[in-house]
Every structure is written in C-alpha cells, then in structure tokens.
Colleague: 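Handing you a structure now.
Remember, predicted model here, so these are calculated numbers, not experimental data. Side chains are part of it too, since the values below use all heavy atoms of this structure and drop only hydrogens, waters and symmetry mates.
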Amino acid sequence: MDLLSSLREIEDQAWAQLQTCQSEEDLSRWWQTFLGRKGGLTQILRSLGSLPLDQRRTVGDKANRLKNALQEAYEERRRRIQEEALTSALAKAHVDVSLPGYPTLIGRLHPITQTLRDVLDCFRSLGFQVVEGPEVEWDYYNFEALLIPKDHPARDLWATLWIDYKRDGEMPMLLRTHTSPNQIRYMESHSPPIRIVSPGKCYRYEATDPTHEWMLTQVEVLAVDEGLSMAHLKGVLSEFAHRIFGPQRKVRFRCEYYPFVEPGMDVLIDCFQCQGQGCRTCGGSGWLEILGSGMVHPQILANVGYNPERYTGYAAGLGIERIAMLRYGIDDIRLFYQNDIRFLEQF
Ligand code: FA5
C-alpha cells in the first residue's frame with residue numbers, strides 16, 4: 001500500500017476512534033495509536049524522506065494538516081470529557097443548601113474557673129491583690145514554716161502526695177496540700193501592710209466522697225497590718241459570703257484548730273440540699289464547710305522577720321469547689337472533674 005492510501009486509512013480510523021473515547025484513559029490510548037512516538041501518523045511523517053520530491057510535498061502537506069487537525073480535535077475532546085466528569089461528580093455530591101447546618105460547639109469557662117474568678121473579683125474589690133505560688137512545694141513551706149514540724153500529729157490533717165525525689169541536703173518535695181505556703185513565701189519577700197489573695201490547685205491523698213476530691217482549688221487570703229483583729233476577719237468573710245451567696249444565706253463561724261493561726265475558725269454555710277436538715281451532701285450536719293481561717297500565729301510573724309508586738313494578721317483558705325457546689329446546687333463534688341459535657345454545658 002502506498003503512503004497516501006495508508007494516510008487515508010489512518011485518517012478514517014483516527015476520526016472514527018476519537019468519537020468513541022469516553023475517558024481520559026481512552027484518549028491517552030488513542031494518542032499513542034496515532035500521534036505518539038510510535039503512532040501511525042508519526043510513522044508516515046518519518047518516512048516522508050524516502051519519497052520522491054513531488055510526492056513528498058503532497059503527502060507531507062496532507063499528513064501535517066491531518067496532524068494539526070487531530071491535535072486540535074484531541075484537545076477539544078479532552079476538555080469535553082473533563083467537563084462531563086466534573087458535572088457528574090457535582091451531580092452526585094450535590095449540596096442541599098436548605099438542610100440545617102451542623103451545630104458548632106461553643107466552649108465556655110469551667111464552673112470552677114467561673115466561681116474562682118468571681119471570688120477573686122470580690123476580694124480585689126475589697127483591696128486585695130492576686131499573687132500565685134508553686135503547685136509543687138517544699139516540705140518546709142507546706143508544713144515546717146507553718147508550725148507543723150515532722151511527726152507533728154497535725155500533719156495527718158493533710159494526707160499528702162509526696163514527690164519521689166530526694167537529694168542529700170535537700171528538703172522533701174510534695175504536691176502542696178493547701179495554698180497556705182504562699183503566706184510564708186509572700187511575707188518573706190514583702191513588708192506589711194499586706195493584703196493578698198493567692199489562688200491555685202492543691203492535692204491530697206484522699207478517698208473521694210460527695211464533698212472531698214483529691215484535687216481541689218483554694219484561695220488563700222492574707223492580711224497583715226497594725227491593729228488587725230478577729231473583727232476584721234469576720235467582717236471580710238461575712239462580706240464575701242453575702243456577695244457570693246446572697247444575703248439570705250446563713251453563715252456560721254465555728255472554732256477550729258490550725259497550727260498556723262491563733263485563734264482559728266471555720267466558716268460554714270447552710271446546706272442548699274436539705275436547708276440545714278441534714279443529708280448525704282452535708283454528711284448529715286446541715287452545714288457545708290467552705291473555708292478555714294484565723295489570726296496569723298505571732299510565731300510565724302516573728303519567723304518572717306516582722307515584729308509581732310506591732311503587727312497582727314488574719315488568714316483564710318477557701319475551698320472553691322465547695323463554694324461552687326453551694327452556688328449551683330451541686331450535690332456531688334466529683335461531677336466537676338468527670339469531664340461529662342452534659343454536666344458542664346449547664347453552666
Ligand atoms: C486548710 O487547707 C487551711 N490551709 C485553711 C486555712 C488557711 C486555715 C489559713 C487557717 C488560715 P482545710 O483542710 O480545712 O484547711 O481546707 C480548707 C477548705 O478547703 C475547706 O474548708 C474546704 O472548703 C476545702 N477542702 C478541703 N479539703 C477538701 C477536699 N478534699 N475536697 C474539696 N475541698 C476541700
């Protein structure tokens with residue numbers, strides 16, 4: 001067969017087969033058959049050199065025009081196939097804009113953070129400044145400097161989580177059991193007059209129950225100045241209780257022993273659950289203890305270099321979880337840290 005006939009045959013086949021290409025894979029095979037390196041038309045173009053000059057021009061001219069036409073047709077076909085693929089993908093994944101959207105979860109502050117901020121705001125407005133201290137503490141600040149030496153029975157009041165770390169000449173380390181160590185830390189580096197509140201997490205090796213957690217949040221209150229008395233302490237704590245719980249709430253002051261105060265007292269609020277009748281939440285007593293407090297022991301003032309004849313001080317340690325329980329009517333402290341979104345989203 002001469003080249004011209006082969007060219008016609010290739011032309012017929014190329015146009016016919018192009019119409020049957022339905023995908024990019026089909027098109028790529030078609031390209032290889034006719035226009036690729038070993039394709040039919042490419043072979044013809046390569047063999048033009050062997051023809052006599054007059055035929056070379058006619059066949060060459062025809063072959064080149066066919067090549068250009070096929071290339072254009074190939075591009076056009078490819079665009080069409082791509083458009084069709086897109087249209088069908090969109091049809092399959094069509095979006096119904098009238099459907100309701102997915103709700104977005106909006107975060108909020110944990111009830112303990114909310115209560116803590118309200119308590120700090122209350123004390124700030126009474127002239128107290130906020131300072132923080134470390135959660136991992138030395139035995140010295142947590143106990144010794146607060147007049148609770150080794151082997152003193154008062155250590156049993158604070159079941160302690162010790163850090164397994166001991167080097168020669170260094171004190172034992174622990175997770176602080178209360179925020180009272182910050183009293184000492186602050187007094188060591190400041191002179192009276194002092195009015196501070198110190199918030200933070202505390203840890204106790206404690207069996208949990210409706211009012212006890214092993215991790216709790218406290219706010220330490222400390223004031224040192226000339227002429228401070230128990231009357232100031234009661235005044236500040238009553239004001240705090242009424243601002244946080246409202247004026248109708250009953251507040252009770254009860255004598256209590258803490259080695260670092262003299263005298264010491266607890267503050268209790270009537271149980272929201274049983275209105276003082278006694279229930280599981282208040283352990284049958286009708287009251288919930290929210291804080292320990294007292295007049296700073298004169299020995300502590302002397303130990304930090306203050307003159308206890310001139311200065312007196314009062315201190316308190318507030319339990320924020322207990323305060324939040326009373327504010328929101330929550331009958332089990334353990335709910336706060338179970339991370340149950342159904343509980344937390346109510347606040
Ligand atoms: C103390 O921790 C003293 N540092 C408080 C203090 C400060 C007394 C300054 C005098 C002067 P206590 O162990 O009672 O005391 O704890 C204080 C408050 O923390 C309690 O009234 C209670 O509200 C809260 N609390 C104590 N233990 C727990 C616990 N396991 N879970 C939740 N709250 C607790």
Colleague: So, taking the atom named OG1 in Thr179 and the one named CD1 in Ile320, what distance separates them when rounded to the nearest 0.5 Å?
Modeller: 9.0 Å
Colleague: Does NZ belonging to Lys201 count more than 12 external heavy atoms closer than 6.0 Å?
Modeller: yes
Colleague: Would you say the side-chain atoms of Gln32 pair up with the backbone N or O of Ser28, donor to acceptor, closer than 3.5 Å?
Modeller: no
Colleague: With a 4.5 Å cut-off on side-chain heavy atoms, are Gln218 and Leu291 touching?
Modeller: no
Colleague: Quick one: does Arg204's side chain get under 4.5 Å of Trp158's, heavy atoms only?
Modeller: yes
Colleague: Once rounded to the nearest 0.5 Å, what's the spacing between atom CZ of Arg155 and atom CD of Glu144?
Modeller: 5.5 Å
Colleague: Is the His190 to Tyr306 ring centre distance short of 6.0 Å?
Modeller: no
Colleague: Should we count OH of Tyr257 as having more than 12 external heavy atoms under 6.0 Å?
Modeller: yes
Colleague: If you count heavy atoms of other groups shown closer than 6.0 angstrom to CH2 of Trp31, is the number above 12?
Modeller: yes
Colleague: Would you say Val251 and His242 make side-chain contact, with heavy atoms under 4.5 Å?
Modeller: yes
Colleague: Less than 4.0 angstrom from a charged side-chain N to a carboxylate O is my criterion; do Arg280 and Asp332 meet it?
Modeller: yes
Colleague: Is there a path of hydrophobic side-chain contacts, each under 4.5 Å between heavy atoms of I/L/V/M/F/W/Y residues, joining Phe253 to Trp287?
Modeller: no
Colleague: I want to check something: taking the side chain as every heavy atom from C-beta on, are Glu188 and Tyr141 in contact at a cut-off of under 4.5 Å?
Modeller: yes
Colleague: Will you find, in the side chains of Gln114 and Asp118, an N or O donor that is under 3.5 Å from an N or O acceptor?
Modeller: no
Colleague: In terms of ring plane angle, is the pair Phe240 and Phe245 parallel, tilted or perpendicular, where the classes change at 30° and 60°?
Modeller: perpendicular
Colleague: Report the C-alpha distance between Lys62 and Glu11 in whole Å, list the side-chain angles of each, state the deciding distance to 0.1 Å, and finish with yes or no for side-chain contact (heavy atoms from CB on, under 4.5 Å).
Modeller: CA-CA 10 Å; Lys62 260 183 170 302; Glu11 182 174 16; 5.7 Å; no
Colleague: Hey, do the aromatic rings of His178 and Tyr258 have their centres closer than 6.0 Å?
Modeller: no
Colleague: Inspect the surroundings of CD1 in Ile106 and state if more than 12 heavy atoms from other residues, nucleotides or ligands are less than 6.0 Å away.
Modeller: no
Colleague: Is it true that the side chains of Asp61 and Thr58 contain a donor and an acceptor less than 3.5 Å apart?
Modeller: no
Colleague: Starting at SG of Cys21, measure out to CG of Leu18 and round the result to the nearest 0.5 Å.
Modeller: 5.5 Å
Colleague: Looking at every heavy atom in both Met173 and Trp162, which two are closest together, and how far apart are they?
Modeller: O-CE3, 3.6 Å
Colleague: With a 4.5 Å heavy-atom cut-off, do Val236 and Phe123 have their side chains touching?
Modeller: yes
Colleague: So, does Thr42 use its side chain to make a donor-acceptor pair with the main chain of Gly36 at under 3.5 Å?
Modeller: yes
Colleague: With distance as the sole test, does Arg252 use its side chain to make a donor-acceptor pair with the main-chain N or O of Asp270 at under 3.5 Å?
Modeller: no
Colleague: Does Asn68 form a side-chain hydrogen bond (donor to acceptor under 3.5 Å, both in side chains) with Glu72? I'd like the steps, not just the answer.
Modeller: CA-CA 6 Å; Asn68 290 340; Glu72 257 178 51; over 6 Å; no
Colleague: Closer than 3.5 angstrom, by distance alone: can the side chain of Thr312 be matched with the main-chain N or O of Leu228 as a donor-acceptor pair?
Modeller: yes
Colleague: Taking the basic N atoms (NZ, or NE/NH1/NH2) and the acidic carboxylate oxygens, is any pair closer than 4.0 Å for Arg78 and Glu75?
Modeller: yes
Colleague: Please tell me whether Glu321 and Tyr337 have a donor and an acceptor in their side chains that are separated by less than 3.5 angstrom.
Modeller: yes
Colleague: So which pairs with a foot in residues 305-317 pass salt bridge (Lys or Arg N to Asp or Glu O under 4.0 Å), sequence neighbours left out?
Modeller: Glu226-Arg310
Colleague: Got a second to check how far His110's NE2 is from Phe347's CZ, nearest 0.5 Å?
Modeller: 8.5 Å
Colleague: How about Arg57: does its CZ atom have over 12 heavy atoms from other parts shown lying under 6.0 Å from it?
Modeller: no
Colleague: Does atom CG of Leu105 have more than 12 heavy-atom neighbours, drawn from other residues, nucleotides or ligands, at distances under 6.0 Å?
Modeller: no
Colleague: Taking all non-hydrogen atoms of both residues, which atom of Thr160 and which atom of Tyr205 are closest, and how far apart?
Modeller: O-CB, 3.8 Å
Colleague: Hey, are Ser180 and Glu220 close enough side-chain-wise for a donor-acceptor pair under 3.5 Å?
Modeller: yes
Colleague: Under 4.0 Å between a side-chain nitrogen and a carboxylate oxygen: does that hold for Arg80 and Glu83?
Modeller: no
Colleague: Please give me the minimum heavy-atom distance between Asp266 and Gly292, naming the atom from each residue.
Modeller: OD1-CA, 3.4 Å
Colleague: I'd like to know if the side chain of Thr177 pairs up with that of Asn142 as donor and acceptor (distance under 3.5 Å, no hydrogens or angles considered).
Modeller: yes
Colleague: List the residues meeting side chain to side chain donor-acceptor pair (under 3.5 Å) with His232, not counting sequence neighbours, and say none if there are none.
Modeller: Ser229
Colleague: Rounded to the nearest 0.5 Å, what separates atom CE in Met187 from atom CG in Leu301?
Modeller: 6.0 Å
Colleague: Taking all non-hydrogen atoms of both residues, which atom of Ala241 and which atom of Ile269 are closest, and how far apart?
Modeller: CB-CD1, 4.4 Å
Colleague: Just so I know, are the side chains of Ile333 and Asp209 near enough to count as touching, which here means a heavy-atom distance under 4.5 Å?
Modeller: no
Colleague: Please name the pair of heavy atoms, one in Arg56 and one in Leu48, separated by the smallest distance, quoted to 0.1 Å.
Modeller: CG-O, 3.4 Å
Colleague: Parallel under 30°, tilted from 30 to 60°, perpendicular over 60°: which one fits the rings of Phe343 and Phe336?
Modeller: perpendicular
Colleague: Return yes when atom CG of Asp151 has more than 12 non-hydrogen atoms of other residues, nucleotides or ligands closer than 6.0 Å, and no otherwise.
Modeller: no
Colleague: How about Arg117: does its CZ atom have over 12 heavy atoms from other parts shown lying under 6.0 Å from it?
Modeller: no
Colleague: Does Phe128 reach the side chain of Ile196, with side-chain heavy atoms less than 4.5 Å apart?
Modeller: no
Colleague: Would Ser198 and Arg185 count as having a side-chain donor-acceptor pair, cut-off 3.5 Å?
Modeller: no
Colleague: Hey, can you tell me if Trp30 and Tyr74 have their rings parallel, tilted or perpendicular (30° and 60° cut-offs)?
Modeller: parallel
Colleague: Is the closest side-chain heavy-atom distance between Leu268 and Leu288 below 4.5 Å?
Modeller: no
Colleague: If you apply the rule salt bridge (charged side-chain N to carboxylate O under 4.0 Å, His left out), what do you find for Glu239 with Arg243, and how did you get there?
Modeller: CA-CA 6 Å; Glu239 180 64 23; Arg243 282 202 201 177; 2.8 Å; yes
